[in-house]
Every structure is written in C-alpha cells, then in structure tokens.
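First up is the structure itself, then whatever we jot down about it.
In what follows, every heavy atom counts, from backbone to side chain, and hydrogens, waters and symmetry copies are set aside. What you see is a predicted model, and the numbers here were worked out from it, not measured in a lab.
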Amino acid sequence: MTAQRVDITLVLRRGLAEDTDGITHNLTMLIRRAVARGDVSPGERLPPSRKLAADLGIARGTVGNAIDTLVAEGLLETRVGAGTFVAEAAACLGRPVANRKRPAFKQEPRRLVSPDIDGPATAKIDFRPCRPSLAEFPLKTWRRSVSFASASLPSPDYGDAKGQLALREAVCDYLRRARGLNTSPNNVIVTNGALHAMHLATTLYLERGSRVVVENPGYPLARQMFENAGAEVLTCPVDEHGLITEELPRKTGKLKFVYVTPSHQFPTGSRLSLARRRALIDWAERCGVLILEDDYDGEFRYDVPPLVPMAAMDNHCVIYFGTFSKTMFPGLRIGFAVGPRSLIDAMAALRTFSEYAPNDLNQRALAHFIENNHYERHIHRMRRVYGEKRAALAKAVDELGVGADLVGIDSGLNAMVRLPEKLRGRTVAAAARKDGVLVPSILRYAASRSIRDDALIVGYAAPAIGEIREGVRSMLRAHAPA
C-alpha cells in the first residue's frame, strides 16, 4: 500500500465527530473534502472498507454507500482485487494556494430595483389593500372541485400554453354573463395572474427607449416592470372620474402602452367615466398605442351600475387582464388575458420558453368550480359581505366627526380617506402603526411628487367589522373633537 502523507482515517474520524447530519452524507462530504485539500492524492489507495468502518465505528454498508457515491462522481475508482483509489481525474480539484483570493464572479446579473410590494407584516389590524377576506371562502366546495380535478388521470404532456380549453371556455362564459365581454377561447390565455399577463405583453412589445403611460397614483409593481424593461414611464393624473384623458401626452413617439385600472382605479377607487373610456380608446387608436386594461376589482360594486370593460367597447387597441386573486385567493395564481388572436398566440409562444403551460390541476379545479356556478355564488355572497364592511367603514369615519371624506367606495375592496386640512397621510399612518394598525398613505402609490400627502388608502375587505371600527378609531381619534 502506498504510504499516505496524512492519516485519512484520523481526518475522517474527527470530521464525523464534529458533524451532526446523516453519517453517509457526512462521510461522503468528508472524503470529497480530503481529496480536494490534497490529504490524499490521485492514485493513492484508501483503507479497505472493512478496516475503515471498524476504525470509524460505523457500519461497513455506510462506508460502501459513500464510496459508491464518489465512484459515480468520478472522484474515486475501484480496481478489482486491488481496492479503492483516488481517481486521476481528481487532480483537477487541486490543492488551493494558501491565502489565494477567489476571482470575483464575472458575469454579474443585470441590476433590478427591489420589487415594490407589501410583504408579510404582523399587526393588530391590517388595512393594506389588495387583500380579500377568506373567512367566508367555501372551502368544502373548493375541496370537492380539487378532488374532481385529482380524480382524472394526469396527461403525459405539459398541456396547451394558452391554458386548458375547459377553463378558457368557462372564463369566456363568465365574462359574457358578468362583464358583457364577448370573446372566444382562442382569444384567451390563462396566466399566473394579471401581472404575469402584463409581463408577457411587456416582453413582446417594449424595448429600451419605449414609453409607457401609467396612472398617478397607481400600481407600483406594474410601473417598475415597465422600467425594468427599459421603458420611460410617463405619468397621467387621475380624479374622481378616473384617468384625466386631457392630460395624455401629445407627443406619442415610441409610446407603446397606456396602463389603466378603469373599473376601480387603484388606489383612489374612482371609476373611469364612459366619456373618458371612449376618449381614451379614440386617442389610443389615433396614436397607435395599446391600452392595457387591468380589470382590478371589477366584480365588486355596490351603489352603482356596472360599466362594461373597455375591451367590450368598439376598439382595436385594448388588451384585457383579469385575475382570480381577489375573488378566490391570491395563492391560486391564476389570471387571464383577452386580446387579438395574434397577440394571444405570441404570448403563448413566449410563455413556452419559460414554463411550457400553466398548472394542470389548478386549472381543472377552477374550471369545475366555475362550471358548477360555485364561483358566481361566491362572488354574490362576497358582494354582500364587502358591502356590510364598506358600510361599517363609512359609519366609523362619519361618527368620529374629524372632517375626513370617504371616497372611491362605490366599488372595489378599498377606499380612500381624504384627510382634513393640515393632516398628512404619512404622519397619520405612522401614528396608527404605533397603535398596531397598518394603513398606507396615498404617497405609497405615487409615481411623482405632484401627489399631495392628504389621504389614506384603506383596504376594508380582510378585516372583520369590529376591527374596521377599532382601526378607524385608532387612525383618527387623536384628531377627533373632544
């Protein structure tokens, strides 16, 4: 046997004593490390497995398993009748030069801004928007739909990149009944949410130097997505009637998109009037600009009649996005886009490069849930629940008598509390947070400094009615008359 410069058994015994993970895993790692350090060199023989096991106080099978793993890696090799040796190929590991600095990783990824999202937070009362109530979710019914989906034999294929035909048909039927939008399954793609649909469209259309118009205030993550694509983001103000179309850019060179939330403007809650919808479509078609219509909270309205989506109006420029995140639950990760066949086909082709197709099981379950009318029954039930919470919010603000105005409450799942003069949203929000209440200032969603810090954005869907009353008192009681 070749004389060894280092007692490999001693090295391994010491390492096993210091580690607490599985013995086979640790032994494999320790032998690998010993070879890399040069404790044993290429061509050197390891002690016989029986002796090594006895010296280490472990089972011979454990040693054999570790050796088999390292032989499969090419680090060790066995020679019939001779034993186990360090393979010559192990020389590529080399002994590291003392104090040598490793070269920096040269291919650095493109730097992106940190995503502007609300992460998990612990609070007594959470008024942050975009959070539905799940206390009333029909879990037993949903389980039956999931069970139905699970009963089918899975396909050996990945599925259609546009999504299952059954779900696309169910979405088309629902959009026709509930939103007045007539479309075909060929014009629908199932996505992982509205933001995913926007990402696909952004990748297909935007390039560095492109320009995009967004609402101000508006959805921060959509704004960031356009910026990450290299686009110049232009802002357009909103008022009680939604996007102010008179403020749209006059110079439209390189302008690709205008992104809007017309059903319930996020975050102010205003609805884009019919006159402005028509004006926006006319402007977009005249300028060759695509309208990205995010039907945010479009299913929930209270004292107002429904306004049909812009996609249902006469147009050749609207791409319509919807999601089940608010009507079902965010973790479902299913949304959809409606657009011209050529665009939907292009989105499906692009999606294939990254994930082939959406999750098959979730699609089957959701299609079953919609087809059996459970989805619309759930929406009708939640309109009543959210209507009661909305009324509780309005009453709580009114009873405090601080002079605050509640606006944007005709539809959706959040409202805007316009503060009395001299009060600032960030100041009130900071004070409320100290009292265990999370409520963002309107500046949280501002795209420019032109927005006044004079309002709070209150998501009233997730908190219980008692929490809504308590939360409003915590926010505004310091400013109520004595």
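- Between Y386 and F300, the ring-plane angle classifies as perpendicular under the 30° and 60° cut-offs.
- In this structure, the side chains of V213 and P249 come closer than 4.5 Å at one or more pairs of heavy atoms.
- E227 contributes no side-chain N or O that, together with a main-chain N or O of A222, makes up a donor-acceptor pair within less than 3.5 Å.
- Here E376 contributes atom CD and Y174 contributes atom OH; the two are 6.0 Å apart, rounded to the nearest 0.5 Å.
- Interatomic distance, R250 CZ to C287 SG, rounded to the nearest 0.5 Å: 11.0 Å.
- Side-chain N or O atoms of D116 include none that pairs as donor or acceptor with a backbone N or O of L221 at under 3.5 Å.
- At most 12 non-hydrogen atoms from other residues, nucleotides or ligands lie less than 6.0 angstrom from NE2 of H316.
- T24 and N65 are not linked by any side-chain donor-acceptor pair at a separation below 3.5 angstrom, with hydrogens and angles left out of the test.
- The backbone N or O of L167 sits nowhere less than 3.5 Å from a side-chain atom of Q363 that would complete a donor-acceptor pair.
- Proximity of R278 to D282: side-chain heavy atoms (C-beta onward) are separated by under 4.5 Å at one or more points.
- There is a side-chain donor-acceptor pair under 3.5 Å between Q265 and T268.
- With salt bridges taken as basic N to acidic carboxylate O contacts below 4.0 Å, none links D454 and K422.
- No side-chain heavy atom of M416 sits under 4.5 Å from any side-chain heavy atom of V458.
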Worksheet item: Are L165 and R168 close enough, and set up right, to give a side-chain contact (heavy atoms from CB on, under 4.5 Å), and what steps lead you there?
Response: CA-CA 5 Å; L165 179 60; R168 287 185 283 134; 4.1 Å; yes
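- Enclosure of atom CZ in R128 by more than 12 non-hydrogen atoms of other residues, nucleotides or ligands within 6.0 angstrom is indicated.
- In the displayed structure, R177 atom CZ is contacted under 6.0 Å by more than 12 heavy atoms of other residues, nucleotides or ligands.
- Counting only distance, with no hydrogens or angles, the side chain of T427 and the backbone of L423 share no donor-acceptor pair below 3.5 Å.
- One N or O on the side chain of E293 and one on the backbone of A311 form a donor-acceptor pair closer than 3.5 Å.
- Close placement of the F324 and F336 rings is indicated, their centers lying within 6.0 Å of each other.
- A salt bridge is defined here as a Lys NZ or Arg NE, NH1 or NH2 lying under 4.0 Å from an Asp or Glu carboxylate O, and E470 with K124 meets this definition.
- The shortest distance between side-chain heavy atoms of I334 and T323 does not fall below 4.5 Å.
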Fill in: Audit row: Y219, Y296, ring-ring contact (aromatic ring centres under 6.0 Å, His included) steps and yes/no
CA-CA 10 Å; Y219 184 23; Y296 175 74; 7.8 Å; no
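- Within 6.0 Å of CZ on R469 lie no more than 12 heavy atoms contributed by other residues, nucleotides or ligands.
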Worksheet item: How far apart are the C-alpha atoms of L292 and V260, what are their side-chain angles, what is the distance that settles it, and do they pass the side-chain contact (heavy atoms from CB on, under 4.5 Å) test?
Response: CA-CA 6 Å; L292 306 186; V260 289; over 6 Å; no
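- Remark: D345 engages R341 in a salt bridge, criterion side-chain N to carboxylate O under 4.0 Å.
- With no hydrogens or angles considered, a side-chain donor-acceptor pair links Y259 and D294 at under 3.5 Å.
- When side chains are defined from C-beta on, K162 does not count as touching V190, because their heavy atoms never get closer than 4.5 Å.
- Here NE2 of H378 is found 13.0 Å from CG of N373. Values are rounded to the nearest 0.5 Å.
- At least one side-chain heavy atom of W142 sits under 4.5 Å from a side-chain heavy atom of F329.
- When every heavy atom of A432 is checked against every heavy atom of M475, the shortest pair comes out as CB-CG, 4.0 Å.
- With a 6.0 Å radius and a threshold of 12 heavy atoms from other residues, nucleotides or ligands, K254 has its NZ atom at or below the threshold.
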Discussion item. Before you tell me yes or no, could you show the steps for R351 and H196 under side-chain contact (heavy atoms from CB on, under 4.5 Å), namely the whole-Å CA-CA distance, both residues' side-chain angles and the distance that decides it to 0.1 Å?
Written reply: CA-CA 10 Å; R351 174 214 228 122; H196 179 224; 3.7 Å; yes
Worksheet item: Hey, mind stepping through Y302 and D410 against side-chain contact (heavy atoms from CB on, under 4.5 Å) and telling me if it holds?
Response: CA-CA 6 Å; Y302 310 105; D410 293 334; 5.9 Å; no
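- Within the 3.5 Å criterion, the main-chain N or O of G425 finds a donor-acceptor partner in the side chain of D453.
- Considering every non-hydrogen atom in both G218 and P267, the closest pair reads N-CD, 4.0 Å.
- Although no hydrogens or angles enter the test, the distance criterion places a donor-acceptor pair under 3.5 Å between the side chain of R277 and the main chain of V308.
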Practice prompt. Apply side-chain hydrogen bond (donor to acceptor under 3.5 Å, both in side chains) to S263 and R179, showing your working.
Written response: CA-CA 11 Å; S263 294; R179 305 296 288 126; 3.2 Å; yes
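- Under the side-chain contact (heavy atoms from CB on, under 4.5 Å) rule, C236 has a single partner from E215, E246, E247, which is E247.
- Looking at T261, its side chain does come within 3.5 Å of a backbone N or O of F266 through a donor-acceptor pair.
- The backbone N or O of R276 sits less than 3.5 Å from a side-chain atom of S273, completing a donor-acceptor pair.
- Enclosure of atom NE2 in H199 is not indicated, since only 12 or fewer non-hydrogen atoms of other residues, nucleotides or ligands lie within 6.0 angstrom.
- Residues T183 and R176 bring no donor and acceptor atom of their side chains to less than 3.5 Å of each other.
- I442 contributes atom CD1, which lies 4.5 Å from atom CD1 of I457 (distance to the nearest 0.5 angstrom).
- Residue L272 is tested with L307, L280, V238 for a side-chain contact (heavy atoms from CB on, under 4.5 Å); the sole match is L280.
- A pairwise comparison of heavy atoms in V417 and A404 identifies CG1-CB, 3.8 Å as the closest pair.
- With a 4.5 Å cut-off on side-chain heavy atoms, K256 and R211 do not count as touching.
- A side-chain donor-acceptor contact under 3.5 Å links H368 and S145.
- Using a 4.0 Å cut-off between a side-chain N of Lys or Arg and a carboxylate O of Asp or Glu, D303 and R390 qualify as a salt bridge.
- Around the CZ atom of R381, the shell of radius 6.0 Å holds more than 12 heavy atoms that belong to other residues, nucleotides or ligands.
- Look at R32 and E73 and you find a salt bridge, because one of the NZ, NE, NH1 or NH2 atoms lies within 4.0 Å of a carboxylate O, short of that distance.
- Side chain to side chain, R377 and H374 meet the donor-acceptor criterion of an N or O pair below 3.5 Å.
- Ring pair Y460/F127: centre-to-centre distance not below 6.0 Å.
- With rounding to the nearest 0.5 Å, the separation of OG1 in T235 from CG in N216 is 4.5 Å.
- Checked by atom type, the side-chain pair N315/E285 shows no donor-acceptor distance below 3.5 Å.
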Under 3.5 Å, which donor-acceptor pairs do the side chains of residues 129-138 form with other protein atoms, sequence neighbours left out?
from : atom 1 : to   : atom 2 : distance (Å)
R131 : NH1    : D126 : O      : 3.2
S133 : OG     : E136 : OE1    : 2.7

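- Note: T327 OG1 to Y375 OH = 3.0 Å, rounded to the nearest 0.5 Å.
- Between C172 and V188, the closest side-chain pair of non-hydrogen atoms falls below 4.5 Å.
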